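A, B, ... follow the sequence lines: proteins, then strands. Residue 1 opens every chain. Just so you know, these numbers come straight off a predicted model, no measurement behind them.
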Number of protein chains: 2
Amino acid sequence: MSSRCEQCIIRQLNSLGELTKDELLRISGCKTSQYVKKGEVLFEEGQYINGVFCVKDGVCKVTKMSTNGRDQIVKLIKKGDLIGERSLISEEASNLKATAINDMEVCFIPKEEIVKDLKSNNNFTMSILKDLATSLKEADNVIVDMAQKTVKQRLAETLLHLKKNYQVSEDKPLDIQLSREDIANIIGTATESAIRLLSSFKKEKLISLKGKEIYILDPQTLQQIAEGF
Amino acid sequence: MSSRCEQCIIRQLNSLGELTKDELLRISGCKTSQYVKKGEVLFEEGQYINGVFCVKDGVCKVTKMSTNGRDQIVKLIKKGDLIGERSLISEEASNLKATAINDMEVCFIPKEEIVKDLKSNNNFTMSILKDLATSLKEADNVIVDMAQKTVKQRLAETLLHLKKNYQVSEDKPLDIQLSREDIANIIGTATESAIRLLSSFKKEKLISLKGKEIYILDPQTLQQIAEGF
DNA sequence: GATAAAACATGATAATTATCAGCTTTTTTA
DNA sequence: TAAAAAAGCTGATAATTATCATGTTTTATC
């Protein structure tokens with residue numbers, strides 16, 4: 001493997017696209033590539049990552065353990081996304097854990113290289129800044145949803161969110177295989193509650209379920225449920 | 001009013017402290033100062049702020065309206081904090097509303113000036129970047145709490161958080177006057193539920209209440225409750 | 001391919017939380 | 001300072017959600 005960053009199309013999907021040809025050549029020389037199998041952990045909560053991952057393919061869940069002992073999925077990361085920038089910038093251990101949801105291909109760029117570019121390439125820094133600003137806005141939205149919406153509303157919202165990000169074409173199922181427990185850990189409820197609500201959505205023909213495959217049949221009604229009607 | 005930024009000690013509390021003397025002189029010449037009375041709105045959700053507020057004194061709540069029609073307090077902003085950077089960086093209207101909780105004194109710095117310094121002063125940009133990274137981590141923690149903890153746990157957690165940030169000295173009440181509705185909107189519950197839980201905490205001698213004044217009597221037990229014991 | 005383990009599913013019940021109603025106290029306003 | 005409005009409080013009840021128990025289906029492993 002170990003392809004060249006300058007020729008990698010993935011970088012156009014994130015802040016690395018702001019780097020100059022010379023900078024990319026330098027990164028290319030020190031980055032490492034790796035495959036991560038479904039279920040494997042990219043990094044643990046509390047671990048010093050010492051760099052940034054660039055996701056070339058696959059999806060991973062980013063979780064945090066509550067003091068109650070239950071995992072919460074904070075976000076899903078997919079092809080083109082970076083992970084690890086936040087901890088790198090704060091110069092601290094990761095506050096989150098990342099686990100592959102399907103087989104992944106990722107590149108790892110050591111901390112020093114990223115820091116070098118953050119100091120010298122303002123376009124790159126501003127791009128990372130914008131990413132964090134967007135993440136913060138999304139996190140605020142999630143806080144409001146978690147605090148104010150019912151589990152049913154949150155499930156409807158989550159399904160629409162998944163449709164937006166993981167549905168390749170109409171009439172195709174969502175291109176992400178989440179267990180019922182994963183879904184419960186996204187919306188913040190017990191697995192049984194998530195299963196029950198999925199069943200009721202299926203009964204109302206809002207979705208259809210074939211094993212782990214989810215088809216979104218009626219996004220309009222799901223939207224109304226999500227908004228509280 | 002209209003004091004000089006170069007001489008203002010508040011700037012040492014936030015990223016503006018990274019600006020050079022020349023930059024501060026420039027900012028000083030274009031900033032405006034204003035008093036905001038308790039209950040007044042600094043900016044609305046959806047409004048273009050076109051700049052950044054630097055809080056010289058007082059506290060404000062930053063809220064977002066849920067589609068359910070209820071306000072959620074996303075965070076509290078106090079002396080030394082900046083507000084508005086996130087929207088400025090994303091170049092979009094504010095996703096949040098800010099309302100003064102007591103009388104405030106704030107400075108407003110126009111967008112162009114901040115952008116100028118973000119482009120030319122890397123220390124300033126990195127400081128803002130670190131702020132956003134910290135905010136994002138805190139937001140992730142709130143998401144997990146909202147999703148996984150009970151209302152009782154969240155109230156205990158909130159009281160400890162308030163103690164940490166607003167208790168000037170032992171045996172003094174929290175130096176922030178929140179209505180019962182505000183407290184409910186922080187923890188994401190109905191006002192009646194918040195009142196009931198406060199009463200029960202009072203009965204158990206974990207806190208004492210005199211009107212809106214809150215005394216934290218037993219932080220250890222509150223900590224245990226927050227963590228689920 | 002048989003067996004074990006994990007994931008999925010559903011019912012019964014308990015716990016948590018929201019809602020509504022009515023009352024008291026505090027704050028605001030004229 | 002009196003009246004009105006807002007905030008605070010409590011009880012009763014309904015709705016939501018969690019937990020436990022148990023059985024089925026799917027997946028993994030030898």
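Residues forming a salt bridge (Lys or Arg N to Asp or Glu O under 4.0 Å) with A/Lys38 (at least two apart in sequence, or on another chain): none. For B/Phe108, the ring-ring contact (aromatic ring centres under 6.0 Å, His included) partners two or more places apart in sequence, or in a different chain, are B/Phe53.
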Practice item. Would you check, one step at a time, whether the test salt bridge (charged side-chain N to carboxylate O under 4.0 Å, His left out) holds for B/Lys163 with B/Glu170? Key: CA-CA 10 Å; B/Lys163 174 180 159 65; B/Glu170 292 292 324; 3.4 Å; yes

Practice item. List the steps and the verdict of side chain to side chain contact (heavy atoms under 4.5 Å, CB included) for B/Cys5 and B/Leu16. Key: CA-CA 9 Å; B/Cys5 296; B/Leu16 297 176; over 6 Å; no

Check your understanding: Does the pair A/Thr221 and A/Glu204 meet the rule for a side chain to side chain contact (heavy atoms under 4.5 Å, CB included), with working shown?
Key -> CA-CA 10 Å; A/Thr221 305; A/Glu204 296 174 58; 6.0 Å; no

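Side-chain atoms of B/Asn165 come within 3.5 Å of backbone N or O of B/His161 as a donor-acceptor pair. Using modelled atom types, one side-chain atom of B/Gln153 and one backbone atom of B/Thr150 make a donor-acceptor pair closer than 3.5 Å. The backbone N or O of B/Ala226 sits less than 3.5 Å from a side-chain atom of B/Lys149, completing a donor-acceptor pair.
A salt bridge does not link B/Glu45 to B/Lys97: none of the charged nitrogens lies less than 4.0 Å from a carboxylate oxygen. Checked for salt-bridge contact, A/Asp140 and B/Lys64 miss the test: no charged N lies under 4.0 Å from a carboxylate O. Ionic pairing of A/Lys130 and B/Glu92 is not present here: no N-O contact between side-chain nitrogen and carboxylate oxygen is shorter than 4.0 angstrom.
Using five terminal pairs a side, the axes of the helix from C/dG1-D/dC30 to C/dA30-D/dT1 at its two ends make an angle of 60°, given in steps of 10 degrees.
The CD-P distance, from A/Gln177 to D/dT26, rounds to 14 Å in whole Å. One interatomic measurement links the two molecules: CD1 of A/Ile195 to P of D/dT25, which rounds to 15 Å at whole-angstrom precision.
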Quick test: give all pairs of protein nitrogen or oxygen and nucleotides 15-21 of chain D nitrogen or oxygen below 3.5 Å, distance rounded to 0.1 Å.
| from | atom 1 | to | atom 2 | distance (Å) |
| --- | --- | --- | --- | --- |
| D/dT17 | OP1 | A/Val151 | N | 2.8 |
| D/dA18 | OP1 | A/Thr189 | OG1 | 3.4 |
| D/dA18 | OP2 | A/Thr189 | OG1 | 2.3 |
| D/dA18 | OP2 | A/Ala190 | N | 3.3 |
| D/dA18 | OP2 | A/Ser193 | OG | 2.9 |
| D/dT19 | OP2 | A/Arg70 | NH1 | 3.3 |
| D/dT19 | O4 | A/Arg196 | NH2 | 2.9 |
| D/dC20 | N4 | A/Glu192 | OE2 | 3.2 |

Output a table of nitrogen or oxygen pairs between the protein and nucleotides 28-30 of chain D separated by less than 3.5 Å.
none

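For the contact set between residues 199-216 of chain B and DNA chain C, defined by any heavy atom under 4.0 Å, there are no members.
Taking CG of A/Leu178 as the reference point, atom CD of A/Glu213 lies at 12.5 Å (rounded to 0.5 Å). Here the CD1-CD1 distance, from B/Ile114 to B/Ile89, works out to 9.5 Å after rounding to the nearest 0.5 Å.
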